[in-house]
Engineer: 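Here it is, the structure, as structure tokens.
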Number of protein chains: 2
Amino acid sequence: MTNQTVSAGLRTAPRPPASATAWSGDPHGEVDHPVPTCPVEVTLRALRGRWTTLVVRELFAGERTFGDLATALPALSDKVLADRLAQLVTTGVVVRVREPGWPTRVRYSLTARGRALREVLEAMWAWGLGATGAAAPPGGADPVALRG
Amino acid sequence: MTNQTVSAGLRTAPRPPASATAWSGDPHGEVDHPVPTCPVEVTLRALRGRWTTLVVRELFAGERTFGDLATALPALSDKVLADRLAQLVTTGVVVRVREPGWPTRVRYSLTARGRALREVLEAMWAWGLGATGAAAPPGGADPVALRG
DNA sequence: CAGTATCCGGAGAGATACTG
DNA sequence: CAGTATCTCTCCGGATACTG
């Protein structure tokens with residue numbers, strides 16, 4: 001994963017010369033190889049890896065400690081959980097707050113940006129269900145989830 | 001990646017007992033480990049891998065042959081291109097049509113389902129831009145792209 | 001409690017060469 | 001033209017053991 005392309009009018013252009021850059025010009029660069037700054041790339045990178053969406057899903061329900069998450073996801077090893085949380089912190093999805101005292105306690109919760117992932121996950125959920133144009137359930141209360 | 005969880009009311013539940021299944025019940029199972037049938041999983045799998053979104057982006061502009069794609073994405077090897085196309089075909093995003101005759105010619109184009117990915121990619125694009133609530137550009141003509 | 005340190009095995013990406 | 005066949009190399013994901 002690595003692009004930075006996008007955009008471009010989607011109105012079915014019937015076969016430009018091949019790699020034509022002939023569509024209507026739009027601000028996004030038309031890249032011929034993956035670039036890490038592409039917004040789509042960025043999102044894909046934030047959600048990348050096994051367990052990632054499950055961790056996010058758990059956090060959508062509220063703040064959690066490392067132990068809470070480990071308990072909720074028994075099959076997930078400490079190492080991978082730590083990896084995922086670190087990844088989510090660096091991508092700005094999660095905030096990590098270490099409580100003073102002993103034993104050590106760390107609270108993890110979604111940032112505003114993390115909560116904004118809901119729209120993305122709903123779009124993914126809708127597509128994954130297989131409908132061609134079916135949108136998310138009206139009322140928007142349902143497909144909250146993440147990776148389900 | 002492998003879940004099947006999702007859903008669940010997102011209304012900020014302030015710390016259920018931990019792995020509580022206590023939210024309001026909704027049809028989607030609350031999984032504690034990745035399951036391949038989860039809609040979000042399905043979508044993630046369809047877009048997984050380097051170059052995938054770039055190939056889809058190329059096809060959003062219209063039908064392409066293997067060679068067209070290879071020319072448009074010079075840094076992409078034949079092997080990986082073939083891998084990606086096969087992946088996109090099995091996930092129902094792309095249709096492969098082999099032209100009779102010689103030299104061999106194969107036309108690739110998006111299915112209705114593949115075109116439906118546009119919404120997903122737009123949501124990803126919007127999130128990747130960093131805005132918390134900023135939606136896709138009005139008029140919807142712009143962030144067509146894929147991975148950009 | 002909340003991780004980090006190692007080690008290992010498998011999947012995926014890329015390069016190169018060959019075929020229907 | 002449109003792939004397939006190999007091989008290599010690197011990046012995870014997972015298991016186990018140890019620490020602030």
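Basis for what follows: all heavy atoms, side chains included, without hydrogens, waters or symmetry-related copies. Just so it is clear: chains get the letters A, B, ... in the order the sequence lines come, proteins before strands, and each one is counted from 1.
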Engineer: Starting at CZ of A:Arg48 and ending at C1' of C:dA13, how long is that distance when rounded to a whole Å?
Structural biologist: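 Atom-to-atom, A:Arg48 to C:dA13, this comes out as 12 Å.
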Engineer: Let me know the distance between CG of B:Asp78 and P of C:dT19, rounded to the nearest Å.
Structural biologist: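 After rounding, the gap between these two atoms is 16 Å.
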Engineer: Is there a donor on the side chain of A:Lys79 or the base of C:dG3 sitting less than 3.5 Å from an acceptor on the other?
Structural biologist: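 In this structure, the two groups form no donor-acceptor pair.
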Engineer: Between B:Thr65 and B:Asp68, is there a side-chain donor-acceptor contact under 3.5 Å, judged purely by atom types and distance?
Structural biologist: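 The answer is yes; a qualifying pair exists.
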Engineer: Counting runs of three or more consecutive pairs, Watson-Crick or G-U wobble, with each distance below 3.5 Å, where are the stems of DNA chain C?
Structural biologist: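 If one scans DNA chain C for consecutive Watson-Crick or G-U pairs, the stems found are C:1-20 with D:1-20.
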Engineer: Run the side chain to side chain contact (heavy atoms under 4.5 Å, CB included) test against A:Thr90 and tell me which residues pass, sequence neighbours left out.
Structural biologist: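 A:Thr90 satisfies side chain to side chain contact (heavy atoms under 4.5 Å, CB included) with no residue once adjacent residues are dropped.
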Engineer: So, is B:Tyr108 near the phosphate of D:dG3, with a side-chain N or O under 4.0 Å from OP1 or OP2?
Structural biologist: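 For D:dG3, OP1 or OP2 has a side-chain N or O of B:Tyr108 closer than 4.0 Å.
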Engineer: Quick one: list whatever passes side chain to side chain contact (heavy atoms under 4.5 Å, CB included) with B:Val106, sequence neighbours left out.
Structural biologist: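 Once residues adjacent in sequence are excluded, the partners of B:Val106 under the side chain to side chain contact (heavy atoms under 4.5 Å, CB included) criterion are B:Arg96, B:Arg98, B:Thr104, B:Tyr108.
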Engineer: Under 3.5 Å, which donor-acceptor pairs link side chains of residues 78-85 of chain A to any protein atom two or more places apart or in another chain?
Structural biologist:
residue: A:Arg84; atom: NE; partner: A:Arg50; partner atom: O; Å: 2.7
residue: A:Arg84; atom: NE; partner: A:Thr52; partner atom: OG1; Å: 3.2
residue: A:Arg84; atom: NH2; partner: A:Arg50; partner atom: O; Å: 3.4

Engineer: Between C:dG20, D:dG3, C:dA13, which one does the side chain of B:Thr104 approach most closely?
Structural biologist: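 Looking only at heavy atoms from C-beta outward on B:Thr104, the closest nucleotide is C:dG20.
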Engineer: With the side chain of B:Trp51 defined as its heavy atoms from C-beta on, choose the nearest nucleotide among C:dG14, D:dG14, D:dG3.
Structural biologist: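 Nearest to the side-chain atoms of B:Trp51, counting from C-beta on, is C:dG14.
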Engineer: How far apart are the closest heavy atoms of B:Glu58 and B:Ala72, and which atoms are they?
Structural biologist: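 Closest approach of B:Glu58 to B:Ala72: OE2-CB, 3.5 Å.
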Engineer: How close or far is atom P of D:dA15 from atom CZ of A:Arg50, stated in whole angstroms?
Structural biologist: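 Interatomic distance, CZ of A:Arg50 to P of D:dA15: 9 Å.
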Engineer: Atom CZ of B:Arg45 to atom P of C:dG12: distance rounded to whole Å?
Structural biologist: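 Taking CZ of B:Arg45 and P of C:dG12, I get 11 Å after rounding.
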Engineer: Using whole Å, what does the distance between atom C1' of nucleotide C:dG3 and atom CG of A:Leu69 come to?
Structural biologist: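 About 13 Å, once rounded to whole Å.
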Engineer: Within this structure, what is the CZ-to-P distance between A:Phe66 and C:dT4, rounded to whole angstrom?
Structural biologist: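 That distance rounds to 8 Å.
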Engineer: Under the side chain to side chain contact (heavy atoms under 4.5 Å, CB included) rule, collect the residues that match up with B:Val95, sequence neighbours excluded.
Structural biologist: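 So B:Val95 forms a side chain to side chain contact (heavy atoms under 4.5 Å, CB included) with B:Ser109, B:Thr111.
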Engineer: Grab the CZ-C1' distance between A:Arg107 and C:dA2 for me, whole Å please.
Structural biologist: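 Those two atoms, CZ and C1', are 15 Å apart.
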Engineer: Which one of B:Leu110, B:Leu47, B:Leu59 satisfies the side chain to side chain contact (heavy atoms under 4.5 Å, CB included) criterion with B:Val93?
Structural biologist: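 Among the candidates, only B:Leu110 passes.
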Engineer: May I ask you to list the residues of residues 80-103 of chain A, by number, that have any heavy atom positioned under 4.0 Å from an atom of DNA chain D?
Structural biologist: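 By residue number: A:Val80, A:Arg84, A:Trp102.
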